[in-house]
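Heads up: the structure comes next, in structure tokens.
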Amino acid sequence: MPNIKLPDGKKLNFKSKVTGFQIAEKISKSLSKEALVISVDGNLKDLNYEIDKDCSIKIYTSKDKEGLETIRHDTAHILAMAVQEIFPGTQVTIGPVIENGFYYDFARKEPFTEEDLRKIEKKMLEIVDRDEPTHREVWKRDKAVEHFKKAGEIYKAEIIRDIPKEEEVSVYFHGKWHDLCRGPHLMSTGKIGKYFKLMKVSGAYWRGDSNNEMLQRIYGTSWSSQKELDEYLIRIEEAEKRDHRKLGKEMDLFHFREESPGSVFWHEKGWNLFQKLISYMRAKQDAAGYKEVNTPEILDRSLWEKSGHWEKFGANMYTSTTPDEKVFAIKPMNCPGCVQIFNQGLKSYRDLPLKMSEFGKVHRYEPSGSLHGLLRVRAFTQDDAHIFCTEDQITEECLSVTNLILEIYKDLGFENVILKYSDRPEIRVGEDKVWDKSEKALLQAIKASKLEYSINQGEGAFYGPKIEFVLRDAIGRDWQCGTLQVDLNLPERLGASFVDKDGTKKVPVMLHRALFGSLERFIGILIENYAGKLPFWLAPLQIIVIPVSSEFDEYAKEINRKIKSNGIISEVDLKNHNLNYKIRDHSLSKIPILLICGKKEVDSNTVTIRRLDSKKQENMDIDLFLKKHLALSKAPSN
RNA sequence: GCCCUUGUAGCUCAGCUGGUAGAGCAAUUGAUUUGUAAUCAAUAGGUCCGCGGUUCGAAUCCGUGCGGGGGCACCA
């Protein structure tokens with residue numbers, strides 16, 4: 001007789017076997033209405049799963065992650081069901097739950113269109129109304145394979161073959177329609193509610209392998225209330241409004257064009273922002289003891305062969321043949337060039353750690369389909385540095401890199417940073433002893449940073465372990481930016497050495513690190529994070545002076561001159577438009593501060609300040625204004 | 001690279017089933033001299049992404065190339 005333990009510790013006793021739904025009914029009527037799935041000793045099960053022995057359970061509703069995910073999983077099934085009702089002959093494959101929704105991959109010759117999606121949605125609503133009951137059957141493997149093969153579902157048959165021997169092959173029925181599935185599922189199709197929407201169709205490789213055929217994937221979202229669905233759709237719209245490609249055009253920062261896909265044409269304002277970031281970082285790195293260098297963009301093939309890039313990275317490299325038939329590569333990374341600087345002249349242990357930074361522009365031939373605005377380009381500038389040091393110095397150097405990165409992110413408005421740590425991969429170079437040392441050093445640095453971190457086991461580079469710095473933006477999206485890698489390989493390959501205390505030559509350890517990763521990408525992230533409303537010091541155009549009418553042009557020009565002479569980027573707007581027009585115009589182009597000058601201001605030698613997104617007007621003496629804003633207009637410094 | 005989709009004025013877009021292009025904003029000029037998110041009017045502005053084909057005739061249909069978008073794969 002099952003003795004059921006509830007999450008609050010209470011126990012319920014049943015005379016015979018009992019289902020989750022019956023337990024919910026026993027607890028309360030409202031719970032029985034809201035219950036979606038149950039966990040039995042930690043395993044998620046259907047509500048009508050029969051319990052016949054003692055166990056502890058928890059019943060989930062749509063308020064729980066488990067409940068919502070089950071709703072989404074069921075919505076995916078109902079999607080597949082609807083598709084097969086409308087388009088017979090379409091094969092189903094897999095349909096998992098993902099963040100905010102689900103997808104289902106189908107095999108069908110004709111592409112699904114936008115109208116098809118609306119048709120399918122309608123059919124899905126019908127299926128919800130039909131409220132088809134769910135039931136689960138466990139089939140013998142052979143029978144299942146046979147059945148799905150006969151039904152023309154070759155993908156399903158293939159999936160069954162790959163289910164581990166010890167697992168049951170379960171088939172879920174929603175009415176007559178059925179699908180191979182691990183479950184659990186809701187008790188009937190009516191339970192999912194009507195708060196779903198099909199979002200888009202796309203291609204997706206069978207089993208995620210680009211050697212396989214391409215299936216059609218339908219993405220959908222599903223929630224437990226209309227309110228949640230609406231909020232989600234609004235969130236998507238908000239994210240679209242922040243799109244850096246759109247804002248970059250509106251703010252006149254940069255553009256792309258056909259002649260050079262994936263390469264940025266930086267306009268004056270965008271380049272100003274770019275240069276500001278660089279000079280900010282120069283100052284930071286200078287203070288941290290880095291020496292800035294610069295290496296050639298084009299280097300002979302032989303160097304890339306020696307470094308291993310030719311073999312390992314060749315598919316992504318641009319090459320160039322000169323009129324005399326020599327082959328060069330346009331650098332996809334700065335490291336080999338930097339090692340060559342290290343190699344020039346004799347280095348002593350006294351020179352270590354030697355930190356060389358480089359704002360190096362690299363070119364990589366990225367697959368056309370992966371290009372995405374500033375976030376994924378073919379030509380970009382790394383805020384790169386290579387630290388040559390001894391094994392004993394690894395920990396300290398890693399820690400100082402981590403601190404530098406955090407400091408810089410904070411200055412740019414990102415306080416929320418997490419780390420991803422990747423340790424030794426299967427295929428690697430170097431002795432385990434050295435790996436032990438470098439992994440330990442990196443981990444120590446991570447722990448000292450007190451940041452949240454995750455471990456990606458075996459994901460390190462073949463030459464050493466690495467940390468990736470992930471920052472979370474204003475609307476909760478994660479962006480991988482900085483990276484820190486320990487390299488025990490390249491210095492040796494390229495013959496780097498230093499003279500140690502004992503007079504023998506030793507190979508230095510090299511740390512690769514980038515703070516933002518790519519300046520281009522980071523600017524994209526900055527724009528999206530701030531929705532284009534950059535902090536005052538980063539704004540490419542910081543102030544616009546607006547005369548109320550042309551009568552005050554001279555005064556406005558004078559104010560503008562004064563501001564500019566203080567090194568603040570300012571313009572005066574003398575166009576023949578009224579004040580309202582100009583305020584709207586410059587607000588839309590996200591100018592942080594507008595200074596209005598009219599009779600009142602001329603008479604009192606003041607300006608009236610209007611800040612972006614604030615209707616508050618603030619009248620101030622011009623010298624006081626400058627005093628208050630001068631420091632704010634420059635990069636933060638410590 | 002692969003699947004789907006898309007390419008018309010500086011920008012955002014309209015242009016039904018083929019008959020050599022249109023709006024709003026921006027620009028220019030003029031009027032207006034404006035006090036916190038669009039003053040009025042006039043003017044100018046286009047190899048309809050490139051190439052090839054079908055047709056008496058192509059922005060429109062077909063093929064192909066290039067670019068953009070959404071995904072997949074890739075992301076040292």
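Bear in mind that the values here come from a model prediction, so they are computed numbers and not experimental data.
- Ring orientation note: the planes of A:Trp223 and A:Tyr232 are tilted relative to one another, at an angle of 30° to 60°.
- Regarding contacts with the backbone of B:U32, every side-chain N or O of A:His577 stays at 4.0 angstrom or more from both OP1 and OP2.
- Between B:C74 and A:Ser370, no contact under 4.0 Å exists linking OP1 or OP2 to a side-chain N or O.
- A donor and an acceptor atom sit less than 3.5 Å apart, one in the side chain of A:Glu601 and one in the base of B:G35.
- For the contact set between residues 232-248 of chain A and RNA chain B, defined by any heavy atom under 4.0 Å, the members are A:Arg245.
- For A:Asn576, taking side-chain heavy atoms from C-beta onward, the closest of the listed nucleotides B:A38, B:A73, B:A31 is B:A31.
- Distance check on atom C1': B:G46 versus B:U8 gives 8 Å, rounded to whole Å.
- A cation-pi arrangement, defined by a distance under 6.0 Å to the six-membered ring centre and an angle within 45 degrees of its axis, is absent between A:Arg521 and A:Phe516.
- Here A:Gln617 lies in heavy-atom contact (under 4.0 Å) with a base.
- One cannot find a donor-acceptor pair under 3.5 Å joining the base of B:C4 and the side-chain atoms of A:Arg217.
- In this structure, B:C16 makes no Watson-Crick or G-U wobble pair, since no nucleotide meets both defining distances under 3.5 angstrom.
- Residue contacts for A:Lys615: at a heavy-atom cut-off of 4.0 Å it reaches the sugar-phosphate backbone alone, with no base atom in range.
- Proximity of A:Tyr219 to the phosphate of B:C72: a side-chain N or O atom is located under 4.0 Å from OP1 or OP2.
- Using C1' as the reference atom, B:G15 and B:G52 are 25 Å apart when rounded to the nearest Å.
- In this pair, A:His77 and A:His73 present their aromatic rings perpendicular. The plane angle is above 60°, beyond the 30 to 60° band.
- The stretch residues 100-111 of chain A touches RNA chain B through A:Pro111, each having a heavy atom within less than 4.0 Å of the strand.
- Comparing atom distances between the A:Lys599 side chain and each of B:G1, B:G35, B:G68 picks out B:G35 as nearest.
- With a 3.5 Å ceiling on both atom-pair distances, B:C48 lacks any Watson-Crick or G-U wobble partner.
- Using a 4.0 Å heavy-atom cutoff across all strands shown, A:Ser210 reaches sugar-phosphate atoms only and no base atom.
- When the side-chain nitrogen and oxygen atoms of A:Lys575 are compared with OP1 and OP2 of B:A27, none of them lie within a distance under 4.0 Å.
- No engagement by A:Leu215 is indicated, since no non-hydrogen atom pair under 4.0 Å with the nucleic acid exists.
- Distances from the side chain of A:Asn580 to the nucleotides B:A37, B:U34, B:C74 place B:A37 closest.
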